[in-house]
Amino acid sequence: MPELPEVETTCRGIAPYVEGQQVHSVIVRQAKLRWPIPLSLYELEGKKILSVTRCAKYILLQSTHGCVILHLGMSGSLRIIDASLAPEKHDHIDIVFSTGKAIRLRDPRRFGAVLWTQDNPLEHKLLSKLGLDPLSDAFTAKFLYKISRKRRVSVKQFIMNAQVVVGVGNIYASESLFMAGISPKRVAGNISLARYQKLVDSIKIVLASAIEQGGTTLRGFIQVEGKPGYFQQQLNVYARAGEKCNTCNTLIKKITQGQRSSFYCPLCQK
DNA sequence: AAAGACACCTGTCCGC
DNA sequence: TGCGGACAGGTGTCTT
């Protein structure tokens, strides 16, 4: 699923159908997601949605009295549908509006989450300790350089650490490191400020570009209107093990780091 | 405090 | 065609 660009694309897609709308009903067909769907979610019924925002990879639906905290996990997606449309196998939750439209959550693996809070969602346990948003001005080379000193973890795992920077998942971590010319195996604490500058620039470019393309679709990820994202057409290394580097024709390598696959060009990335 | 292993769950793909 | 195993875009929690 969803890394930051897919979540951002999803937010933008649902916002026009959701903001300012009255919730008619909440339908839960499968309550066993990552955490059980709380019964308090039904408090959303009758409320009006004020805003749709993204915080890290969480989608926040702020209503007049309480906020839905939604996460798509590995395989989740949201669509806007007519509420009368028959649900399919993994369509677990609908939020139905008085307009007759509904948000429908589909999530085969059920690593996603739907929670409800009456408090400030940013103070929620899941959100309060998150690192910087990579698209914010606060996310700078100086920041990465400073907090990486004495860290012995690989740079790839470091930029995937949500306590450092949020939203850089497995695809865009590999892609950003390729663009920056940095090996994913480099130790985070040994990287120079100048190279972190290159990395920060690359992360921002890769993510912004992926958002423009509607995200990456590898295994059926769909956007709100049911279309796929198109960024996979410009992946340089991710899922390309054994293929030729687009820059130098060297074969792309695949290694395992922190139990996740990493892809890189051994010649372009040092 | 940091790093690593493991957990959650289903679908798909590849080799035999 | 069927079956077993590896693998998949995430992240909280527990153990070293």
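Excluded from the calculations below are hydrogen atoms, water molecules and symmetry mates; all remaining heavy atoms, backbone and side chain alike, are included. Letters A, B, ... mirror the listed sequences (proteins, then strands); counts begin at 1.
Look at the C1' atom in both B/dA3 and C/dG9: the space between them is 23 Å, to the nearest Å. To the nearest whole angstrom, the two P atoms, one in B/dA5 and one in C/dC7, are 15 Å apart.
Cation-pi contact between A/Arg149 and A/Tyr145: present, with separation from the ring centre below 6.0 Å and deviation from the ring axis of at most 45°.
At most 12 non-hydrogen atoms from other residues, nucleotides or ligands lie less than 6.0 angstrom from OH of A/Tyr17.
Minimum atom distance to the side chain of A/Met74 is reached by C/dG9, of the listed C/dG9, B/dT10, C/dT11. For A/Met160, the listed nucleotide lying nearest its side chain is C/dG10; candidates were B/dG4, B/dG11, C/dG10. Minimum atom distance to the side chain of A/Tyr238 is reached by C/dA8, of the listed C/dG10, C/dA8, C/dG12. Nearest nucleotide to the A/Lys254 side chain, out of B/dA3, C/dG10, C/dA8: C/dA8.
Looking at A/Arg109, its side chain comes within 3.5 Å of the base of B/dC9 through a donor and an acceptor atom. For A/Arg110 and B/dT10, a side-chain-to-base donor-acceptor distance below 3.5 Å is absent, hydrogens and geometry of angles not being considered.
For A/Arg195 (side chain) and A/Leu199 (main-chain N/O), no donor-acceptor pair under 3.5 Å exists by modelled atom type.
To the nearest angstrom, P of B/dA3 lies 9 Å from CD of A/Gln157. Regarding A/Lys156, its NZ atom lies at a distance of 16 Å from the P atom of B/dA3, rounded to whole Å. Rounded to whole angstrom, the span from the CD1 atom of A/Ile59 across to the P atom of C/dG10 amounts to 14 Å. Spacing between atom CD of A/Gln163 and atom P of C/dG10 amounts to 16 Å, rounded to whole angstrom units. Following rounding to the nearest Å, A/Asn161 (CG) and C/dG10 (P) show an atom-to-atom distance of 13 Å. The separation between A/Lys32 atom NZ and B/dA7 atom C1' is 16 Å, rounded to whole Å. One atom, CD of A/Glu3, and another, C1' of C/dG9, lie 5 Å apart when rounded to the nearest Å. Between the CZ atom of A/Arg34 and the P atom of B/dC8 there is a distance of 11 Å, rounded to whole Å.
With a 3.5 Å limit on both pairing distances and Watson-Crick or G-U wobble geometry required, the stems of 3 or more pairs in DNA chain C span B:2-8 with C:10-16, B:10-16 with C:2-8.
Within 4.0 Å (heavy atoms only), A/Arg260 reaches at least one base atom of the nucleic acid. Among the heavy atoms of the strands, none lies under 4.0 Å from A/Phe158. Contacts of A/Lys129 with the nucleic acid, taken as non-hydrogen atoms under 4.0 Å apart, are absent.
Map A/Gln259 and A/Lys150 each onto its nearest nucleotide of DNA chain B; the residue landing nearer the 5' end is A/Lys150.
A salt bridge does not link A/Glu43 with A/Lys47: every distance from a Lys NZ or Arg NE/NH1/NH2 to an Asp or Glu carboxylate oxygen is 4.0 Å or more. Salt bridge absent: A/Arg29 and A/Asp91 never bring a charged side-chain N and a carboxylate O closer than 4.0 Å.
OP1 or OP2 of C/dG12 sits under 4.0 Å from a side-chain N or O of A/Tyr58. Distances shown here put a side-chain N or O of A/Ser261 below 4.0 Å from the OP1 or OP2 atom of C/dA8. At B/dT10, none of the side-chain N or O atoms of A/His90 fall inside 4.0 Å of OP1 or OP2 (strictly under the cut-off). Taking only side-chain nitrogens and oxygens, A/Lys57 never comes nearer than 4.0 Å to OP1 or OP2 of C/dG12.
With no hydrogens or angles considered, a side-chain donor-acceptor pair links A/Thr216 and A/Tyr172 at under 3.5 Å. No side-chain donor-acceptor contact under 3.5 Å links A/Gln157 and A/Asn161. Between the side chains of A/Glu123 and A/Ser128, no donor-acceptor pair is found at a separation under 3.5 Å.
Aromatic ring centroids of A/His24 and A/Phe97 lie 6.0 Å or more apart.
In this structure, A/Phe111 forms an aromatic stack with the base of B/dC8, since both conditions hold: centre separation below 5.5 Å and plane angle below 30°.
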